[in-house]
Protein chains: 4
Amino acid sequence: MEKNRLEAFSDGVLAIIITIMVLELKAPHATELADLKPLLPVFLSYVLSFLYVGIYWNNHHHMFHSTRHVTGGILWANLHLLFWLSLFPVTTGWMGENHLAPMPTAVYGFVLLMAAIAYYVLQRTIIAQQGRDSLLAAAIGNDWKGKLSPVLYLAAIPLAFVSPWISSGLYVFVALLWLVPDRRIERVLVKRPGN
Amino acid sequence: MEKNRLEAFSDGVLAIIITIMVLELKAPHATELADLKPLLPVFLSYVLSFLYVGIYWNNHHHMFHSTRHVTGGILWANLHLLFWLSLFPVTTGWMGENHLAPMPTAVYGFVLLMAAIAYYVLQRTIIAQQGRDSLLAAAIGNDWKGKLSPVLYLAAIPLAFVSPWISSGLYVFVALLWLVPDRRIERVLVKRPGN
Amino acid sequence: MEKNRLEAFSDGVLAIIITIMVLELKAPHATELADLKPLLPVFLSYVLSFLYVGIYWNNHHHMFHSTRHVTGGILWANLHLLFWLSLFPVTTGWMGENHLAPMPTAVYGFVLLMAAIAYYVLQRTIIAQQGRDSLLAAAIGNDWKGKLSPVLYLAAIPLAFVSPWISSGLYVFVALLWLVPDRRIERVLVKRPGN
Amino acid sequence: MEKNRLEAFSDGVLAIIITIMVLELKAPHATELADLKPLLPVFLSYVLSFLYVGIYWNNHHHMFHSTRHVTGGILWANLHLLFWLSLFPVTTGWMGENHLAPMPTAVYGFVLLMAAIAYYVLQRTIIAQQGRDSLLAAAIGNDWKGKLSPVLYLAAIPLAFVSPWISSGLYVFVALLWLVPDRRIERVLVKRPGN
């Protein structure tokens, strides 16, 4: 029962984050198609952040599906994750409005990095409470995606000052990593030598 | 159980979309009845979009009522639908503020079209997972409304440049199609030759 | 189960309405206590509308507690109620910012009236579906509050042009009618002759 | 069942409060790191308020976990708590934007105080309904945190005019009191003589 309420609260926060992000897309006062053009980077940033929140919701969903008890530590590790996710709308808006200027693109990556770390901490907290041979520990396996993502974000932050396109390319790449169903991609990238 | 959380998340997003749309209705600074007049198209656009979100919520509700398992594909097809619905507030505001200018009216129709397609894809994904003789496949029947709606939106988009009134008339007509209880209207429009 | 989702969706919409209303309370740029003074009517309007949404949530809660099945008619009667309630933030803001000017005060009353009518229609729809000797029909009794409230709102609308203070006094009075526990007030106002 | 809906509504309101607070963090129009500097007090105020809402959600969660029946009095005591919590975004924004000026810092403390009182009233209402030997009465024990917090807020309000840093230090201290797990801190501060 406790778990249900934590899930419901997290769902509420994620639903609001995903929806208020769209408030950064301000309808232009003019009415031509060309007037939508400056909105394009804002729109694409919104699409990317929507995907990220969707991925977090999806993974959060699976993580708690294989969780029994909720402790105080898990509650706060979850709130810590929600904190960093709550910064997505403002960093998305900053990056989009400034057409991927270096600093906003780096800050966007920093918030992605902190959210990934918070997710990792939450996962560790649950596994520590449930034991190494728990359902969750088995479900995440070697967790190569969870380990690769923060490394790529970390690389993307300084690269934003070389070219924001490389950084945003990395953000899109990580999102796709999580979107494509696991088995197929794992076969290609990880389990090369046989099954 | 998984299904419950998908429903709860979708309900949250739809509840927020339907409520933040009203933020486009900005209270005028003046205090006469005449000062409300320029708000009228914004208000009517809000009413129309409120109806649409209500219809989507209603149908979503029925669709998942006859769904058992939720797969990864269904999760993402659902998020795809929510993405297009999340654009309703901004396109509603743009159309309303510009008193149904051609381009905003066409863009409004485009988002309606994409939402309709996303709904169709979600429905197909569920039926593909459940089998052709599933409860859902039986419930939607020949789905003439689901097939007619996108055609009408598609017609409304270019017609907005002839007269936005035709387009918005079509949007209202489609909304009414879904509002009026099925049996009565089906009898009139589809099942003309006998029962 | 269907009922649960209607309740959850309504709770979501009411929770968002009650919370976005507070966005009308904009923090002043200055930092003296005197700078809060012009916010006072906005604050009091917020308190009043918060009470009203609380009352609606409370009553909605009880109404559906004694409801079994949810039909298409009930779904739409419920959305109709949520529509009028969704206009509370904008009319509250308009009335508050203009320090209870006549027209905004009348429009506020008009939205209260429409919400009361929508609530009445929803109640009738549920009773029609459940039968006159249903739990709900018994629970609401003679429903004198539900009948008196719209009459008082109707009186308050023209009275706003005489004095907005009378109208807002009536709005406060109706809110208090619903807040004070039923039995005590009923004894005083209705059941005077014995019992 | 009634309890579930009160919890769901409260979760919804708390989820929205925690998320709209972030709307006060407006992305700057410039794109240098230095442009984020004026945002720092707004950001830190957001972090503090996020912690407070998290603590309230956490405690609310535990309080209702040991509650059976929900009465009209409990419903309204709960709405009264939500009312004061709903003022967090505006007072957080006012304090942050004005870089901890005395008056906004005092008003922030006043809202914290009122929320603490409302929480206490809600707790008393539940215990009054459940009896002194209820689960909740046992769970809260001597409730030294619940009694100390309002005293510290009360001290912080006038102290804001001496130095807002003392007040905000007190706000942070109270938040940490609640964050640190009970047993450890209780051992140090309360149960000094043995156990």
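Here is how names work: the chains are called A, B, and so on, in the same order as the sequence lines, proteins then strands, and each is numbered from 1.
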Stepwise, does the side chain to side chain contact (heavy atoms under 4.5 Å, CB included) test hold for Tyr46(D) with Leu87(A)?
-> CA-CA 11 Å; Tyr46(D) 172 59; Leu87(A) 297 178; 4.0 Å; yes
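- For the atom pair Met95(A) CE and Thr31(D) OG1, the distance stands at 13.5 Å (nearest 0.5 Å).
- In this structure, the portions of Ile55(D) lying under 4.5 Å from any heavy atom of chain A include both its backbone and its side chain.
- For Ile16(D), the parts lying under 4.5 angstrom from a heavy atom of chain A are both the backbone and the side chain.
- Phe64(D) approaches Arg5(A) most closely through the heavy-atom pair CB-NH1, 4.3 Å.
- Heavy atoms closer than 4.5 Å to chain D are found in both the backbone and the side chain of Ile17(A).
- Ring geometry for Phe83(A) versus Phe50(D): interplanar angle over 60°, hence perpendicular rather than tilted (30 to 60°).
- Here the CG-CE distance, from Leu33(D) to Met103(A), works out to 4.0 Å after rounding to the nearest 0.5 Å.
- Contacts between Ala30(D) and chain A at a heavy-atom distance below 4.5 Å involve the backbone alone (N, CA, C, O).
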Verdict with supporting geometry, Ile18(D) and Leu82(A), side chain to side chain contact (heavy atoms under 4.5 Å, CB included) | CA-CA 10 Å; Ile18(D) 219 169; Leu82(A) 295 180; over 6 Å; no
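- In this structure, no portion of Val53(D) lies under 4.5 Å from any heavy atom of chain A.
- Top candidate by heavy-atom pairs under 4.5 Å with chain A, chosen from His60(D), Lys26(D), Met21(D), is His60(D).
- For the pair Asn98(A) and Pro28(D), the tightest heavy-atom approach, listed with the atom from each and the gap, is ND2-O, 4.1 Å.
- At a 4.5 Å heavy-atom cutoff, the contact between Leu23(D) and chain A is made by side-chain atoms alone.
- Residues Leu25(D) and Trp94(A) are not in side-chain contact: their nearest non-hydrogen atoms beyond the backbone lie 4.5 Å or more apart.
- Residue Trp76(A) comes nearest to Leu51(D) through the heavy atom pair CH2-O, 3.9 Å, listed as atom of the first residue, atom of the second, then distance.
- Ranking Ala101(A), Gly72(A), Ser86(A), Gly12(A) against chain D, the residue ahead of the rest is Ser86(A), based on heavy-atom pairs under 4.5 Å.
- Once rounded to the nearest 0.5 Å, the distance linking OG1 of Thr19(D) with CG of Leu14(A) reads 9.0 Å.
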Stepwise side chain to side chain contact (heavy atoms under 4.5 Å, CB included) check, Phe88(A) with Val22(D) = CA-CA 10 Å; Phe88(A) 275 29; Val22(D) 88; over 6 Å; no
After noting the C-alpha distance and the side-chain angles of Leu75(A) and His62(D), does the key distance pass the side chain to side chain contact (heavy atoms under 4.5 Å, CB included) rule?
-> CA-CA 12 Å; Leu75(A) 279 177; His62(D) 284 109; 4.3 Å; yes
